[in-house]
*Asks:* 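Starting off with a structure, shown below.
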2 protein chains.
Amino acid sequence: MAMTIVTIAEALGLSKSTVSRALSGKGRIGEATKRRVYDYIESHEPESELLKSPKAKRKTYNIGVAIPTFSDAIHLPFFQRCLLGACDFAQSVEYNVLVVGIDNDKIQPLERLIKDKKVDGIILTRALVDDRGIRFLKKKDIPYIVVGSVEDKDVYQIDSDNRSGSKELTSYLYMVGMKKVGLIGGHRNHQVTLDRYEGFLDGVKAAGKQVDDTIIYLDALTDIAIHQGVKQMIRKGADCIVCMDDYICSRVLKELREVEETQVAVATLYDTGDEVFDGTSVFSLRYDPNELGLEAAKLLFNLINNKPVNKRTKLGYEVILRKSNKKSRKEDNDEEKVPTWRRL
Amino acid sequence: MAMTIVTIAEALGLSKSTVSRALSGKGRIGEATKRRVYDYIESHEPESELLKSPKAKRKTYNIGVAIPTFSDAIHLPFFQRCLLGACDFAQSVEYNVLVVGIDNDKIQPLERLIKDKKVDGIILTRALVDDRGIRFLKKKDIPYIVVGSVEDKDVYQIDSDNRSGSKELTSYLYMVGMKKVGLIGGHRNHQVTLDRYEGFLDGVKAAGKQVDDTIIYLDALTDIAIHQGVKQMIRKGADCIVCMDDYICSRVLKELREVEETQVAVATLYDTGDEVFDGTSVFSLRYDPNELGLEAAKLLFNLINNKPVNKRTKLGYEVILRKSNKKSRKEDNDEEKVPTWRRL
DNA sequence: GTGAAAGCGCTAACAA
DNA sequence: TTGTTAGCGCTTTCAC
């Protein structure tokens, strides 16, 4: 038979209301008494529901992960991997993960998750410049973590160090002899686009070059736009094209192959290690989306459980020259990080 | 203020104990009295917790979706899209989706989901030949749907019509003049692999050809294996290579490009429309993973709510000749389904 | 079948 | 800080 508040009161020589207060935390209650009550329950029936405070009872042991539903997102394994990383951590602390698909103009699924009190906290896997999801969560009394970078200092956030990475790779490109570097990127409404853009400019300056020597082409949202961007860069004499992500990179490679242009080098500022390059030699910044999701879940877990959490977390990256597969197969696919580079 | 058992008793001129019995069903209670009580609540506060039987109270309005965590799965946007399809339907009926990442040798996350009673039902997004997830669920008293095909007739399942599709595409390849067709596929432990294999053989027979005229290479689990498979097929004089999925297809195209082999046609038995082919002309069976996830969620919803559900559901496909992008861009990316085909 | 009354497990108000 | 007491919402027992 399960313990009740009365059996405890009798066993400890207290009144049932004192025990009630000890457990609920409400009202005035002595620290020593509280200890006695908790110790008694823990030693006699550690599984007891009584140990769970009314607040704890309302805990769901679920976290919510919001992933974008539309367009470019579907091409990138980033979100899937981020989600699985979060699942991985959640599993380790016996939490579960609820997913919702949202877009900036459609956040109802997120709203419903909060309204129905289905989760103890939320992870947003993408940050937009003016993000309705973040605006909504700020108003609610629920912990949340944003994967990505936002200006707002009040928002707990975790991100790959896009700016530093982009700077490092860009200046590296000049080091190995590039003369005219082009940058092609996506939506300016995505914070990452801006971060990588800034990092790119940092790199150009660090290499002692002029921004005038570069060709910048943003808002390349469609394949047509990428096609035009590449055409423009070739016309203007770029010897290297820096792509902001895997997807753009795969399209750029395709464009170059189609026009049989083999004298232009390619780099990507976001390489998740999913082989979308068909083995072509590409400079890249290698990030791990799984880790991002896992760390985000860890931060959220700490936030939920009132442990100290930094407002901003940055994860690292690797600078990689991916060798052509023909070569790397012979050498058992190991990666080479020395600053040599061969034309395609 | 929420209705209580007492307010109802007063309103209906009954004692609170009678109302209690009417709602709990326990003890002796008149059918007419029961009706009166239920009718009163339904008309005054249909949302009331009192209407929910102890069993109904345990409903979570969550469904669980299990996606694979490892290896090949990460390359395929299939599972992400399937998941989003399920989210989409869930949202429309005010359910939520819990994700777990599982593998055949690691189904703890799934077990925990059931043990903790976090969900009213489960969708498995992949069927293995001897699937521990399915074996586990069969023992539990919880509705579940398998996306994929399983032999077991007791299992509710939904799948793309892999066999018919594979048959149709294969026989079509012979129709347009292929002489020696190779098949390259993944793990024999995956039911889809077997289905496509059978469909391929059906197609060969339907075209009046001998299986001896084909080259079959299964268990191509690694890039190295694919490399060897392709090499072997070229050596044996294949004029067309049929790939079992998008990923294998992209690797095969890469291999062919590397050896500058332009006389071998390529087809894929699973094309999700995510552009992994770099615009190369490929025969394909086009499926929609979002729809699969959405329909699976719909079936599960019906199962949970005791509506009639077919044990087996098959979704359709399109047979497509994807044109080279160079050409399709000019023609605004429309797809061509006439039986013409150009060598790369 | 129904109702009165007692009881259970908890919270809340208030006195000390 | 603790105990007393009242009360809430519900179930169960028992008499009719």
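Order of the sequence lines sets the chain letters (A, B, ...), proteins ahead of strands, with each chain counted from 1.
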*Asks:* Looking only at atom types and distance, does a side-chain atom of Asp116(A) sit under 3.5 Å from a main-chain N or O of Lys118(A), one as donor and one as acceptor?
*Replies:* no
*Asks:* Scan Ile8(B) against the nucleic acid and name what it touches under 4.0 Å (heavy atoms): base, sugar-phosphate only, or nothing.
*Replies:* nothing
*Asks:* Has the side chain of Thr193(A) got a donor or acceptor atom that lies under 3.5 Å from a matching backbone atom of His187(A)?
*Replies:* yes
*Asks:* Can you figure out which of dC10(C), dC10(D), dT2(C) approaches the side chain of Thr4(B) most closely?
*Replies:* dC10(D)
*Asks:* Is Thr33(B) near enough to dT2(C) that one of its side-chain N or O atoms lies under 4.0 angstrom from OP1 or OP2?
*Replies:* yes
*Asks:* Given Asp159(B) and Arg312(B), is the salt bridge (Lys or Arg N to Asp or Glu O under 4.0 Å) satisfied, shown in steps?
*Replies:* CA-CA 8 Å; Asp159(B) 203 359; Arg312(B) 295 195 167 211; over 6 Å; no
*Asks:* Atom CZ of Arg28(B) and atom P of dC16(D): how far apart are they, to the nearest Å?
*Replies:* 14 Å
*Asks:* Once you measure the plane-to-plane angle for Tyr61(A) and Tyr95(A), does it fall in the parallel (<30°), tilted (30-60°) or perpendicular (>60°) bin?
*Replies:* perpendicular
*Asks:* Once you round it to whole Å, what is the distance between C1' of dC10(D) and CD of Glu49(B)?
*Replies:* 15 Å
*Asks:* Distance check needed: dT12(D) P versus Ile5(B) CD1, whole Å only.
*Replies:* 11 Å
*Asks:* So does Lys307(A) get a backbone contact from the side chain of Asn302(A), meaning a donor-acceptor N/O pair under 3.5 Å?
*Replies:* no
*Asks:* Near DNA chain C, counting only heavy atoms under 4.0 Å, which residues of residues 10-21 of chain A show up?
*Replies:* Lys16(A), Ser17(A), Ser20(A), Arg21(A)
*Asks:* Using atom CG of Leu23(A) as one end and atom P of dA12(C) as the other, report the distance to the nearest whole Å.
*Replies:* 13 Å
*Asks:* Please give, in whole Å, the distance from dC8(D) C1' to Met3(B) CE?
*Replies:* 18 Å
*Asks:* Rounded to whole Å, please give me the gap between NZ in Lys26(B) and C1' in dT12(D).
*Replies:* 10 Å
*Asks:* Return yes if some donor-acceptor pair links the side-chain N/O of Asn290(A) with the main-chain N/O of Leu84(A) below 3.5 Å, else return no.
*Replies:* no
